[in-house]
Amino acid sequence: MVEFVMKNGSITNEQCRELTKVSKATATRDLADLVEKRVLDQKGKSKKTSYYTLVSHNES
């Protein structure tokens, strides 16, 4: 997923599911885990508009 974001700039839950062949719930948990680990940053808070980008190392 991280490699996908590096190449494409962002990822959605749907793209994560297509890429990893997992359920929506698993994709949500995987993305949330990467947000918690400060690898990805969630943009947008609604289910339909959420996407994830790499955390900028310049942000504190």
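Fair warning: this is a prediction, and the values are worked out from it, not measured in the lab. Both backbone and side-chain heavy atoms feed into the values below; hydrogens, waters and symmetry mates do not.
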Residues at least two apart in sequence or cross-chain that pass side chain to side chain contact (heavy atoms under 4.5 Å, CB included) with Glu18, listed by chain then number, are Glu14
Is Val39 reachable from Val22 through a run of hydrophobic residues whose side-chain heavy atoms are each under 4.5 Å from the next? no
Measuring only between side-chain heavy atoms, which start at C-beta, is Thr53 closer than 4.5 Å to Leu40? no
Would you call Tyr52 and Lys43 a side-chain contact if the rule is heavy atoms closer than 4.5 Å? no
Tell me whether Thr12 contacts the main-chain N or O of Tyr51 through its side chain, where contact means a donor paired with an acceptor under 3.5 Å. no
Taking all non-hydrogen atoms of both residues, which atom of Arg17 and which atom of Ser23 are closest, and how far apart? CD-C, 3.7 Å
Report the distance from atom CE of Met6 to atom CD1 of Ile11, rounding to the nearest 0.5 Å. 13.0 Å
Between side-chain atoms of residues 28-36 and protein atoms elsewhere (two or more places apart, or another chain), which donor-acceptor pairs fall under 3.5 Å?
{"unit_1": "Thr28", "atom_1": "OG1", "unit_2": "Asn13", "atom_2": "ND2", "d": "2.8"}
{"unit_1": "Thr28", "atom_1": "OG1", "unit_2": "Lys24", "atom_2": "O", "d": "2.9"}
{"unit_1": "Arg29", "atom_1": "NH2", "unit_2": "Thr26", "atom_2": "OG1", "d": "3.1"}
{"unit_1": "Asp33", "atom_1": "OD2", "unit_2": "Lys37", "atom_2": "NZ", "d": "3.1"}

Closest non-hydrogen atom pair between Gly44 and Ser50, with its separation: O-OG, 3.1 Å
